[in-house]
Amino acid sequence: MQVLKQAEENLGKKGFLDLEVDPTLDLVKEINELKKEKNAILLAHYYQESEIQDIADYVGDSLGLAQQAASTQADIIVFAGVHFMAETAKMLNPSKKVLLPDLKAGCSLADSCPAPIFKKFKDKYPEHIVISYINCTAALKTLTDICCTSTNAKNIIDSVPLDKSIIFAPDKNLGAYLQKTTGRDMVLWNGSCMVHEIFSKEKIVKLQLKHPNAKMIAHPECEEHLLEIADHVGSTSSLLKYTRESGFDEFIVATESGIIHQMEKSSPQKKFYPAPPNNTCACNECPHMKLNTMEKLYLCMKYELPEVTLEKSIIDKGRVCIDRMLDISKKAGL
Ligand code: 13P
Ligand code: SF4
């Protein structure tokens, strides 16, 4: 709702959302021209539709995208991803215009941890260090000591002195996985991602029987019983690297299916099977990520709307945990 309200406030041009795109337009050409004309950079997450990934200046995971946003010289950042990612880019670039093709592109994980309720939870553990997965709202980042992504989470946890306990929010699956792999004392917020919780272990096991040579790879946002049967667990960029470098030729991919586009591009001779969800819909596609389309991207770049804005106090307080994360990642060579 807050996202929608912000959209209304930011649009400033009545009827923008209803504008229709001329179907004869070559959108790839138009978007490339707009990028040059406006000195805009297009950043896309691996879960975006293939056409958007192919036209982006940078395609990557949440950490790579934040690092690109932190170092860009462009005047405008166009974020083909979800709201919390564009907010992060805005916090890192308060004077730049940050655009998101559809402001309704939210995140079930970020939504599962409302800042006022989290504040009460945090108050129960005054001595704990708060580590939040970057998939959270800007307001939650103001209550966070250090941010992390699935790529650097272990490095971030290792940076916390051993005698300190940790609150990990909002993803309980990633939190439990980290608790298990680091052995640290952690209190977990009970949030989850609607896409990574939908995979069916039973159907995956059947798929493994059908493709006995396929390696099962999973994102740590998946539930523990799936991670237990995975041959490799990692962030989207780690999964991509594994498919490229491990020497195996077939993979069952337990994460959002958009990443398969990059896997096929970098290993065209290999086979990739999306892990099946526990129903018949295309639920291994993130409905939020997929709200962005080429048409919306074109309109957004043409009219420089909708823009993501944040109050200065939120930016000042919220970016501290992102800067700490970027510093630790740099020192770790990530
Ligand atoms: P990474 O980009 O860190 O792999 O996270 C995946 C995700 O769910 C992004 O929304
Ligand atoms: Fe959020 Fe999950 Fe979609 Fe990522 S895949 S944006 S965590 S709902």
Side-chain angles (χ1 to χ4, degrees), residues 3 43-49 52-53 56 58-69 79-89 100-113 131-137 140 147-156 168-175 177-178 189-199 217-223 226-227 230 232-243 253-263 274-275 277 281-292 322 325-326 329 334:
V3 171
L43 304 178
H45 190 271
Y46 288 132
Y47 297 164
Q48 291 296 290
E49 62 174 59
I52 295 182
Q53 292 189 35
Y58 176 83
V59 189
D61 69 358
S62 305
L63 177 62
L65 289 164
Q67 288 168 327
Q68 290 291 319
F79 221 111
V82 292
H83 199 261
F84 75 80
M85 296 177 175
E87 276 185 341
T88 303
L100 184 65
D102 190 326
L103 278 187
K104 292 194 289 309
C107 168
S108 67
L109 186 48
D111 290 347
S112 69
C113 193
I131 299 181
S132 295
Y133 194 29
I134 199 163
N135 302 36
C136 66
T137 60
L140 200 84
C147 224
C148 76
T149 73
S150 45
T151 290
N152 60 21
K154 191 177 173 312
N155 306 77
I156 302 298
F168 189 86
D171 190 69
K172 65 176 178 190
N173 294 322
L174 175 61
Y177 175 71
L178 292 165
W189 180 264
N190 187 18
S192 61
C193 158
M194 61 191 286
V195 180
H196 289 89
E197 285 227 310
I198 203 85
F199 298 116
I217 57 175
H219 196 282
E221 286 174 32
C222 292
E223 290 171 297
L226 285 189
L227 299 181
H232 178 72
V233 176
S235 63
T236 43
S237 50
S238 163
L239 299 181
L240 177 60
K241 190 163 179 261
Y242 182 80
T243 60
V253 183
T255 188
E256 213 269 3
S257 53
I259 184 70
I260 293 179
H261 179 56
Q262 293 299 326
M263 293 174 173
C281 71
C283 297
N284 50 6
E285 287 195 357
C286 173
H288 308 289
M289 288 276 183
K290 297 303 197 267
L291 278 177
N292 297 322
I322 304 169
M325 172 189 85
L326 292 175
S329 304
L334 297 171

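Counting starts at 1 for both ligands and their atoms, following the listed order. Values below: all heavy atoms of this structure, side chains included; hydrogens, waters and symmetry mates excluded.
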Legend entry - Residue-ligand contact His45/ligand 2, heavy atom below 4.0 Å: no
Legend entry - N or O contact, Ser62 vs ligand 1, cut-off under 3.5 Å: yes
Inset, instruction - Taking only heavy atoms of Cys193 into account, list the atoms of ligand 2 that are under 4.0 Å away from them. - result: 2 (Fe), 5 (S), 7 (S), 8 (S)
Legend entry - Residue, atom name and distance, where the atom is the protein heavy atom closest to atom 7 (S) of ligand 2: Asn135 ND2, 3.2 Å
Inset, instruction - Show which atoms of ligand 2 fall inside a sub-4.0 Å distance from at least one heavy-atom site of Ser108. - result: 8 (S)
Inset, instruction - Give the numbers and elements of all ligand 2 atoms closer than 4.0 Å to a heavy atom of Glu221. - result: 7 (S)
Legend entry - Ser235: numbered ligand 1 atoms lying under 4.0 Å from its heavy atoms: 4 (O)
Inset, instruction - Verify the distance test for Cys107 against atom 1 (Fe) of ligand 2: any N/O/S atom under 2.8 Å, yes or no. - result: yes
Legend entry - Minimum-distance protein heavy atom relative to atom 4 (O) of ligand 1: Thr236 OG1, 2.8 Å
Legend entry - Close side-chain approach of Cys113 to Cys136, heavy-atom, < 4.5 Å: no
Inset, instruction - Among all protein heavy atoms, pick out the one at the shortest distance from atom 3 (O) of ligand 1; state its residue, atom name and that distance to 0.1 Å. - result: Ser150 OG, 2.7 Å
Inset, instruction - State the CD1-SG distance between Ile134 and Cys107, to the nearest 0.5 angstrom. - result: 11.5 Å
Inset, instruction - For atom 2 (O) of ligand 1, grab the closest protein heavy atom and report residue, atom and distance to one decimal in Å. - result: His45 NE2, 2.7 Å
Legend entry - Any donor-acceptor pair under 3.5 Å from Gln67 side chain to Leu334 backbone: yes
Inset, instruction - With atom 5 (O) of ligand 1 as the reference point, say which of His196, His219, His288, Met85 has the nearest heavy atom. - result: His219
Legend entry - Glu256, portion touching ligand 1 at heavy-atom distance under 4.0 Å: neither
Inset, instruction - State whether Lys172 and Glu223 are salt-bridged, where the test is any N-O pair (Lys NZ or Arg NE/NH1/NH2 against Asp/Glu carboxylate O) under 4.0 Å. - result: no
Legend entry - Shortest protein contact, atom 8 (O) of ligand 1 (heavy atom only): Glu221 OE2, 3.0 Å
Inset, instruction - Could you find the nearest protein heavy atom to atom 10 (O) of ligand 1 and give me its residue, atom name and distance? - result: Asn135 ND2, 3.3 Å
Inset, instruction - Would you confirm whether Gln48, through its side chain, and Gln53, through its main-chain N or O, come within 3.5 Å as a donor-acceptor pair? - result: no
Legend entry - Any donor-acceptor N/O pair, Asn152 side chain to Asn155 backbone, under 3.5 Å: no
Inset, instruction - State, with a plain yes or no, whether a side-chain heavy atom of Ile260 is found less than 4.5 Å away from one of Pro274. - result: yes
Legend entry - Flag, side chain of Thr137 to backbone of Ala110, donor-acceptor distance under 3.5 Å: no
Legend entry - Candidates Ser62, Ser329, Ser238, Ser237 - the one meeting side-chain contact (heavy atoms from CB on, under 4.5 Å) with Thr151: Ser237
Inset, instruction - Consider ligand 1: state whether an atom of it lies below 4.0 angstrom from any non-hydrogen atom of Tyr46. - result: no
Legend entry - Part of Glu256 within contact of ligand 2 (heavy atoms, under 4.0 Å): neither
Inset, instruction - Tell me which protein heavy atom sits closest to atom 3 (Fe) of ligand 2, plus the residue, atom name and distance to 0.1 Å. - result: Cys286 SG, 2.4 Å
Inset, instruction - Starting at CG of Leu174, measure out to CG of Asn135 and round the result to the nearest 0.5 Å. - result: 9.0 Å
Legend entry - Donor-acceptor under 3.5 Å (Lys290 side chain, Tyr47 main chain): yes
Inset, instruction - Would you tell me whether Glu256 and Tyr46 have side-chain atoms, one donor and one acceptor, within less than 3.5 Å of each other? - result: no
Inset, instruction - Give the numbers and elements of all ligand 1 atoms closer than 4.0 Å to a heavy atom of Tyr133. - result: 5 (O)
